[in-house]
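See structure below.
What you see below is based on every heavy atom in this structure, not just the backbone, and it leaves out hydrogens, waters and symmetry mates.
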Amino acid sequence: WVAPLGLYLLTHIMAFSRRKIIASQTLFKAHAICACAIVLVAIKFPGLDSVTMAWSGALVSLGTFFVIALALHTRLAESRPHNRHLTQFYFFLALGGALGGSFNAFVAPLLFNSLIEFPIIAALSCFLNPHITRRIKSWEMLLFFNGIFVLIFYFYSLKNGIFSGVPYLQTSLAITAFFMMVNFHPKLGGAVALTVFLCGFYLDTLRTPHLHIERNFFGVMRVHDSQIPLSGEETATVRFFRHGTTLHGMQNIDADAFESRGTSYYGPVSDPVEAYHPEHIGLIGLGAGTVRCYHAPGRYFTMYEIDPAVARIAEEYFTYLEECGNEKDTIVIGDGRLELEKRIDDRYDLLILDAFSSDSIPAHLLTREASESYKTRLTENGIIAVHISNRYLDLRDVITATAAETDFYILHLHRTHTSTPLEFPSRWMILLPEHVDPIPLIRKGWREPAHDKPLPRPWTDGYSNMLSVLQKRLF
């Protein structure tokens, strides 16, 4: 949220500055093109299916957001009234920002099951573009309604199985919208772009039927089934639990829960479980409940989950908690670190930290103070496992620096090759008290993290630096 907020404030400064870096007419032309780009990404335009999950997708979104905001703020600055009305002007400007923020934070999660307000608003913003002052010509309206008719016919044909060809239709409509916008018809182009987006969103729903879609303060959660090839001609029906762009868990529903426990990113968890035979396991970040099936006689789990919807989905759509359950198991709803500190009588032989969501990191779980708190909740030989898989951030050095200050010995595993297509590559780190023997893990491929430079400053509750952990390959 820091980058969008910073860009938003920067557009205010640029728009109300006496010195104009970008001419207004150039901005209004670029605005239309950027709005169309957002719509194309949102409907998963052919060839850009994974753009929203890549670093380039973030740059596209931030860049187009910046241009749209700058164009609209520039128009706002140019329309400000005489000095005697400026108090009222700035009051309504602030009120509009408050209403917009309130809509995004409170209303949008109730109205929508996905993050569709951004492309919708981007398309609608074209109607505020002042570049076109003339009325839309009749032939343009004819073209627009003809496109609507084609869409209706296409949906009827698709529903009745007459023909297929979604990419071709999306491509033609998207090119039409792009052509109109580039040729400075923002009103009509905005209408077409909005239509294309809504239709593309509908078609995407048809291609990937979801068992459950839910959105709340923490993001968008989806559950869906897919056929996955295993070996030869054998396939399996696999249920996926996705939270934003992150896979929270998966289960082979053709097999029992115990056989499916090594799916997704959880294969490496078996190493510390088999090496040290923990009795009481703490888990921060429930996901689908996969880890619960690393059970054994007498073993029980305390699972912390900040989002009640995640716990409900794990119980309703996955069988890990039911089939591998123990009467001593506990699910605690709330912030993992805070709730862990409240349960002063609990001690863990193994504490697993896996609370990442859509590549964002809960920095307060990785600080020196958090590490010291975890240490008080471990048994004498208790260890900590941290899941650090991430597309953008490399957390090895900062966790190593924190471990060094809290007297932990640390091991790292980057599992790139898996024995089954249902297990994904992943990165994990293990923090062990200095008196615990690391040899059982080293025999399984765990190694000390390599350092080719001095360790960074450890994170604390008062200090963290995300820029220091950006992966070098991004640049």
Side-chain angles (χ1 to χ4, degrees), residues 261-262 265-285 290-292 294-296 298-304 336-337 340-341 343 346-356 361-390 394-416 426-452 454-460 469:
R261 66 178 181 171
Y265 309 104
Y266 301 107
V269 174
S270 62
D271 293 342
V273 170
E274 294 172 359
Y276 301 108
H277 309 289
E279 178 180 350
H280 188 189
I281 297 179
L283 173 64
I284 296 181
T290 310
V291 174
R292 179 60 197 85
Y294 286 98
H295 61 71
R299 181 174 296 155
Y300 63 104
F301 288 70
T302 300
M303 297 161 280
Y304 299 90
R337 177 179 168 184
L340 189 76
E341 293 173 351
R343 301 173 67 88
D346 282 358
R347 294 294 182 272
Y348 304 97
D349 302 299
L350 171 61
L351 180 61
I352 302 173
L353 306 182
D354 184 23
F356 289 47
I361 35 176
H364 72 295
L365 297 180
L366 304 177
T367 64
R368 182 175 56 206
E369 292 85 350
S371 184
E372 292 171 347
S373 176
Y374 303 148
K375 199 170 185 178
T376 65
R377 295 296 182 267
L378 296 177
T379 59
E380 181 181 359
N381 297 320
I383 65 175
I384 302 173
V386 188
H387 184 203
I388 62 169
S389 301
N390 198 284
D394 187 348
L395 299 171
R396 287 175 295 174
D397 287 349
V398 71
I399 293 179
T400 301
T402 303
E405 289 209 352
T406 50
D407 299 323
F408 279 108
Y409 179 74
I410 197 159
L411 292 174
H412 169 257
L413 177 68
H414 183 193
R415 182 163 292 176
T416 57
S426 60
R427 286 182 181 269
W428 289 80
M429 300 190 83
I430 295 284
L431 284 69
L432 306 94
E434 293 181 343
H435 64 273
V436 174
D437 184 9
I439 297 300
L441 291 178
I442 293 175
R443 288 172 178 167
K444 293 178 179 291
W446 294 73
R447 296 290 183 267
E448 291 187 38
H451 305 294
D452 54 1
L455 291 175
R457 175 182 172 186
W459 289 0
T460 67
V469 296

Spacing of [atom1] belonging to [X] relative to [atom2] belonging to [Y], to within rounding of 0.5 Å:
{"X": "Glu372", "Y": "Thr460", "atom1": "CD", "atom2": "OG1", "result": "10.5 Å"}
{"X": "Leu351", "Y": "Leu431", "atom1": "CG", "atom2": "CG", "result": "10.0 Å"}
{"X": "Ile399", "Y": "Asp394", "atom1": "CD1", "atom2": "CG", "result": "9.5 Å"}

Stepwise, does the side-chain contact (heavy atoms from CB on, under 4.5 Å) test hold for Leu340 with Tyr374?
CA-CA 8 Å; Leu340 189 76; Tyr374 303 148; 3.5 Å; yes
Hey, are the side chains of [X] and [Y] touching, using non-hydrogen atoms and a 4.5 Å cut-off?
{"X": "Tyr276", "Y": "Leu350", "result": "no"}
{"X": "Ile383", "Y": "Pro433", "result": "yes"}
{"X": "His435", "Y": "Glu380", "result": "yes"}
{"X": "Met429", "Y": "Leu395", "result": "no"}
{"X": "Leu441", "Y": "Leu413", "result": "no"}
{"X": "Val469", "Y": "Trp459", "result": "yes"}
{"X": "Val398", "Y": "Leu366", "result": "no"}

With sequence neighbours excluded, tell me which residues meet side chain to side chain donor-acceptor pair (under 3.5 Å) with [X].
{"X": "Asp271", "value": "Arg415, Trp446"}
{"X": "His414", "value": "Arg427"}
{"X": "Ser373", "value": "Glu341"}
{"X": "Glu405", "value": "Arg368"}

Passing candidate, side chain to side chain contact (heavy atoms under 4.5 Å, CB included) with Ile384, options Leu353, Ile352, Ile430: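 Output: one option passes, namely Leu353.
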Can you see which heavy atom on [X] is nearest to which on [Y], and at what distance?
{"X": "Pro456", "Y": "Ala401", "answer": "O-CB, 3.4 Å"}
{"X": "Phe301", "Y": "Tyr294", "answer": "CZ-O, 3.8 Å"}
{"X": "Glu279", "Y": "Gly298", "answer": "CG-O, 3.4 Å"}
{"X": "Thr400", "Y": "Arg396", "answer": "OG1-O, 2.7 Å"}
{"X": "Ser270", "Y": "Gly267", "answer": "OG-O, 2.8 Å"}
{"X": "Tyr304", "Y": "Arg343", "answer": "OH-CD, 3.1 Å"}

Q | ring pair (Phe, Tyr, Trp, His ring centres under 6.0 Å) involving Tyr348 - partner list, sequence neighbours excluded | A |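 Applying ring pair (Phe, Tyr, Trp, His ring centres under 6.0 Å) to Tyr348 gives His280.
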* To do: Please report the C-alpha distance between Ile284 and Leu365 in whole Å, then the side-chain angles of each, then the deciding distance to 0.1 Å, and finally whether the side-chain contact (heavy atoms from CB on, under 4.5 Å) criterion is met.
  => CA-CA 9 Å; Ile284 296 181; Leu365 297 180; 4.1 Å; yes
### Query
Between Arg337 and His364, is there a donor-acceptor pair closer than 3.5 Å when you use the side chain of the first and the backbone of the second?
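Yes, because the side chain of Arg337 sits within donor-acceptor range (under 3.5 Å) of the backbone of His364.
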Chi angles and distances behind the side-chain contact (heavy atoms from CB on, under 4.5 Å) call for Arg447, Ile442: CA-CA 6 Å; Arg447 296 290 183 267; Ile442 293 175; 3.4 Å; yes
Salt bridge (Lys or Arg N to Asp or Glu O under 4.0 Å): which pairs involve residues 434-446, sequence neighbours left out?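 Qualifying pairs, neighbours excluded: Glu274-Lys444.
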- Task: Kindly determine whether Asp354 and Tyr265 satisfy side chain to side chain donor-acceptor pair (under 3.5 Å), including the steps that lead there.
- Result: CA-CA 10 Å; Asp354 184 23; Tyr265 309 104; over 6 Å; no
Would you please test Arg347 and Arg377 for side-chain contact (heavy atoms from CB on, under 4.5 Å) and show each step?
CA-CA 5 Å; Arg347 294 294 182 272; Arg377 295 296 182 267; 3.9 Å; yes
